[in-house]
Amino acid sequence: MATAVKSRRSGPDAPERGRPARPVSPERRQGRAAYVFLTPWLLGLCLVTAVPLGASLYLAFTDYNILSTPNFTGLDNFERMLGDERFWAACAVTARYVFVSVPLQLVFALLLAVALDRGLRGLAFYRGGFYLPSLLGSSVAIAILWRELFGHDGLVNDALAFVGIEGQSWLQNPSTALSTLIVLNVWTFGSPMVIFLAGLRQIPEQYYEAARVDGASRLRQFWHITVPILTPIIFFNLILQTIGAFQTFTQAHVISGGTGGPVDSTLFYTLYVYQQGFRDFDMGYASALAWVLLLVIGAVTAVHFVLSKYWVFYGDD
Amino acid sequence: MVTETQPRGAAMRAARRRREHVRRLLTHLGLIAFGALMLYPLLWMLVSSIRATEQILRDPSLLPNSFVWQNYTEGWVALEHPFHHYLLNSGIVVAGSVVANLLACSMAAYAFARLEFRGKRLFFAIMLATIMLPVHVVIVPQYILFSQLDWINTFYPLIVPKLLATDSFFIFLMVQFIRGLPRDLDEAARIDGCGHIGIFVRIILPLSVPALATTAIFTFIWTWNDFFTQLVFLTDPDLYTVPLALRTFVDSTSQTSWGPLFAMSIVALGPIFGFFLAGQRYLVKGIATTGIK
């Protein structure tokens with residue numbers, strides 16, 4: 001980024017200096033060129049994003065099953081939600097998943113990043129090993145592995161039997177099924193860890209030297225230097241992982257065979273949207289559900305931003 | 001910084017160095033133990049893919065003590081089509097997505113990073129916001145749109161949106177990268193008579209190879225893993241991609257065929273692992289640049 005700042009200073013935005021005057025001003029030519037380069041993106045923004053976004057808002061107030069024309073029903077879909085037990089089950093499952101797995105994942109990411117920092121030998125090797133699961137974690141193949149691991153005859157129970165604990169069928173038990181997916185999300189702490197590592201590299205070594213001279217323990221150095229300086233990055237990771245966790249779909253679909261069971265204990269919100277929209281073809285209700293998800297994600301993100309004033313420190317404070 | 005008297009200072013330094021050594025050793029041991037725990041399930045799946053199913057359920061060890069290659073041959077033909085059919089379908093979708101993302105996202109990124117135009121700040125903000133937009137909110141109208149175009153059960157719904165730069169994460173990644181390139185080269189090219197297209201093709205693209213590589217690798221991995229949009233837009237078993245085929249495999253087999261199931265899961269993970277090994281540098285750098293700005 002240093003080069004970007006420098007070049008912005010040294011390269012003034014008047015490139016056409018010293019040329020004969022032209023009928024079209026350079027700014028307008030640049031503007032035209034910009035829209036040529038942006039054409040695909042603008043088309044995509046309209047056709048694939050904005051229009052569908054508006055259309056789904058409209059459909060949220062209709063009864064629509066794709067075969068007949070949408071039938072405007074006012075707030076019916078939203079009233080239906082209030083009395084829909086599965087909607088509330090989906091909300092509870094998703095909320096528990098987001099608010100348990102994301103903090104756990106970030107704690108692991110931060111601790112491992114700190115352990116790997118400061119010229120540890122074999123950094124690239126460790127980083128690669130810890131990062132690999134986050135590339136694989138969202139695949140169907142890993143969800144299949146998880147089905148075996150936490151099944152009745154699975155590897156986890158084998159390991160527990162080895163230390164004399166009798167296991168259970170973690171995926172069949174409604175009170176533990178969600179936990180297996182939380183473990184899966186925590187397992188993918190590698191990508192926030194890599195972001196933390198990049199942030200740690202920006203902390204000047206002198207801070208730690210000064211703290212050592214003053215006799216600060218490693219723990220105190222961690223709490224009073226590392227964590228405060230990293231708060232913007234912790235915040236960034238928190239937002240990113242929270243938004244991602246709200247949209248978890250694949251693992252829940254594969255582990256429960258698309259049902260969200262047992263007893264709706266893995267009925268993630270997006271899975272419920274899928275069931276309504278593409279299994280029952282109740283697309284009006286599915287659109288209403290999806291818009292509620294969008295609003296909830298927006299609200300949670302906004303709350304995070306408001307709260308961040310109290311705990312995120314930017315350098316200029 | 002050393003203020004103590006020399007001999008005492010030296011002794012203390014030696015003691016500190018020893019303590020530092022022990023601490024490093026413990027760190028390494030801890031990291032290795034934790035890493036082994038994390039990667040154990042993956043390695044175990046690999047070893048289990050050449051074990052008989054009854055043995056998979058009994059043997060938690062990592063010793064490759066049996067070589068049941070039938071898992072692979074059986075798994076390969078267990079579904080309606082041989083497995084290379086699904087690999088080919090996934091390959092088409094992935095190749096189309098990679099090319100589309102490279103083209104469309106780099107063009108948009110050039111405009112955002114280098115050109116001045118009306119509404120730039122607003123458009124940039126909209127672009128950032130769309131990174132966070134859940135696909136579930138637009139999937140129903142997209143489905144209606146694509147079914148009216150008769151595109152359901154074709155690969156178009158999976159590739160054409162990418163040709164329209166809807167993966168805005170990669171626009172952002174490339175904007176960050178292009179902003180870091182010195183402008184002097186643009187200037188020189190302009191003086192030599194290059195237009196914006198010339199600058200983009202001859203200067204920016206060649207210099208952006210690292211960012212393009214990151215985009216290509218991430219697009220590959222994310223598209224290869226993608227399940228939701230493929231599940232929605234592809235319902236014809238002839239067009240199933242690898243994730244859809246695996247899902248069908250889980251549903252169609254009884255609990256007893258873990259062997260072939262693991263074997264095909266390993267086949268499905270193979271390309272990701274390969275790209276991870278080949279492109280680790282770009283992946284790590286890509287995350288770091290977009291994460292830190």
Side-chain angles (χ1 to χ4, degrees), chain A residues 1 3-4 7 11 15 30-31 33-35 37-38 40-41 43-44 48-49 52-53 55-56 59 115 126 128-130 132-133 135-136 138-141 144-145 148-149 153 155 158-159 191 194-195 198-199 213 236 243 247 249-250 254 257 270 273 277-278 283 286-287 290-291 293-294 297, chain B residues 1 27 31 35 38-39 41 44-45 57 60 104 107-108 110-111 115-118 126 130 132-134 136-138 140-142 144-145 161 163-166 171 179-180 182-184 187 190 196 221 225 227-228 232 243 246-247 250-251 258 261 265 268-269 272 276 280 284 287-288 291-292:
Chain A
M1 271 353 279
T3 45
S7 66
Q30 212 180 64
Y35 286 112
F37 279 99
L38 281 179
W41 178 75
L43 274 176
V48 188
T49 307
L53 194 62
S56 78
L59 289 175
Y126 288 122
F130 291 132
L132 179 63
L135 290 180
L136 308 176
S138 69
S139 67
V140 171
I144 287 174
L145 173 62
E148 205 290 338
L149 291 185
D153 300 319
L155 187 63
D158 284 347
S191 66
V194 170
I195 297 176
V213 168
F236 175 85
I243 293 175
Q247 301 174 43
F249 177 82
T250 308
V254 175
T270 53
V273 173
F278 296 97
M283 291 189 155
S287 299
W291 258 89
L293 175 69
L294 180 64
I297 291 178
Chain B
M1 219 161 284
T27 311
L31 286 172
M38 272 187 75
L39 298 181
W44 181 77
M45 179 155 79
L57 297 173
M107 281 173 68
Y110 175 69
L115 302 176
E116 291 306 322
F117 55 94
R118 277 173 129 210
I126 292 174
T130 55
M132 299 300 175
L133 190 75
H136 313 89
V137 188
V138 288
V140 166
Q142 279 182 4
I144 298 164
L145 173 74
L163 213 45
L164 300 179
T166 44
I171 303 180
R179 279 182 180 163
R183 278 184 186 240
D184 315 12
E187 299 288 314
R190 199 168 349 234
H196 289 293
I221 292 174
N225 279 342
F227 179 64
F228 182 71
V232 168
L246 280 180
R247 199 276 320 251
V250 178
D251 293 348
W258 284 113
L261 197 51
S265 298
L269 293 177
I272 305 179
F276 162 75
Q280 218 204 105
V284 167
I287 305 176
I292 303 306

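Chain A is the first sequence line, chain B the second, and so forth, proteins listed ahead of strands; every chain is numbered from 1. Keep in mind that what you see is a predicted model, and the values were worked out from it rather than measured.
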Side chain, backbone, both or neither: which part of [X] has a non-hydrogen atom closer than 4.5 Å to chain B?
{"X": "Ile297(A)", "answer": "side chain"}
{"X": "Tyr126(A)", "answer": "side chain"}
{"X": "Leu53(A)", "answer": "both"}

Would you please classify the geometry between the His136(B) ring and the Phe249(A) ring as parallel, tilted or perpendicular, with 30° and 60° separating the classes?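 The arrangement is tilted - the two ring planes meet at 30° to 60°.
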Approximate separation, where rounding is to 0.5 Å, of [X] [atom1] and [Y] [atom2]:
{"X": "Ile272(B)", "Y": "Leu135(A)", "atom1": "CD1", "atom2": "CG", "answer": "7.5 Å"}
{"X": "Thr166(B)", "Y": "Leu43(A)", "atom1": "OG1", "atom2": "CG", "answer": "11.5 Å"}
{"X": "Glu148(A)", "Y": "Leu261(B)", "atom1": "CD", "atom2": "CG", "answer": "10.0 Å"}
{"X": "Leu269(B)", "Y": "Ser139(A)", "atom1": "CG", "atom2": "OG", "answer": "5.0 Å"}

Please identify, among Thr270(A), Thr49(A), Val273(A), the residue contributing the most non-hydrogen atom pairs under 4.5 Å to chain B.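 Top count of heavy-atom pairs under 4.5 Å with chain B: Thr270(A).
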Select, from Thr250(A), Ile144(A), Leu294(A), the one with the greatest count of heavy-atom pairs under 4.5 Å involving chain B.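 Max contact count across the listed options: Ile144(A).
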Is the shortest heavy-atom distance from the side chain of [X] to the side chain of [Y] under 4.5 Å?
{"X": "Asn225(B)", "Y": "Leu136(A)", "value": "no"}
{"X": "Leu163(B)", "Y": "Pro40(A)", "value": "no"}
{"X": "Met38(B)", "Y": "Leu132(A)", "value": "no"}

Can you see which heavy atom on [X] is nearest to which on [Y], and at what distance?
{"X": "Val140(A)", "Y": "Arg247(B)", "value": "CG1-N, 4.1 Å"}
{"X": "His196(B)", "Y": "Ala33(A)", "value": "CD2-CB, 3.4 Å"}
{"X": "Gln142(B)", "Y": "Pro52(A)", "value": "CG-CG, 4.2 Å"}
{"X": "Ala108(B)", "Y": "Trp41(A)", "value": "CB-CB, 4.0 Å"}
{"X": "Leu38(A)", "Y": "Ala111(B)", "value": "CG-CB, 3.7 Å"}
{"X": "Ser56(A)", "Y": "Val137(B)", "value": "OG-O, 3.0 Å"}

Which region of [X], side chain (C-beta onward) or backbone (N, CA, C, O), has a non-hydrogen atom less than 4.5 Å from a non-hydrogen atom of chain A, or is it both or neither?
{"X": "Tyr110(B)", "value": "side chain"}
{"X": "Leu31(B)", "value": "both"}
{"X": "Leu145(B)", "value": "side chain"}
{"X": "Ile171(B)", "value": "side chain"}

Gln30(A) side chain to Glu116(B) main-chain N or O, any donor-acceptor pair under 3.5 Å?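 Yes; at least one donor-acceptor contact below 3.5 Å.
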Begin with the C-alpha distance, continue with both residues' side-chain angles, and end with the deciding distance and a verdict on side-chain contact (heavy atoms from CB on, under 4.5 Å) for Phe278(A) and Val140(B). CA-CA 9 Å; Phe278(A) 296 97; Val140(B) 166; 4.2 Å; yes
Would you mind telling me which of Val138(B), Leu133(B), Leu39(B) has the largest number of heavy-atom pairs within less than 4.5 Å of chain A?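 Highest number of pairs under 4.5 Å: Val138(B).
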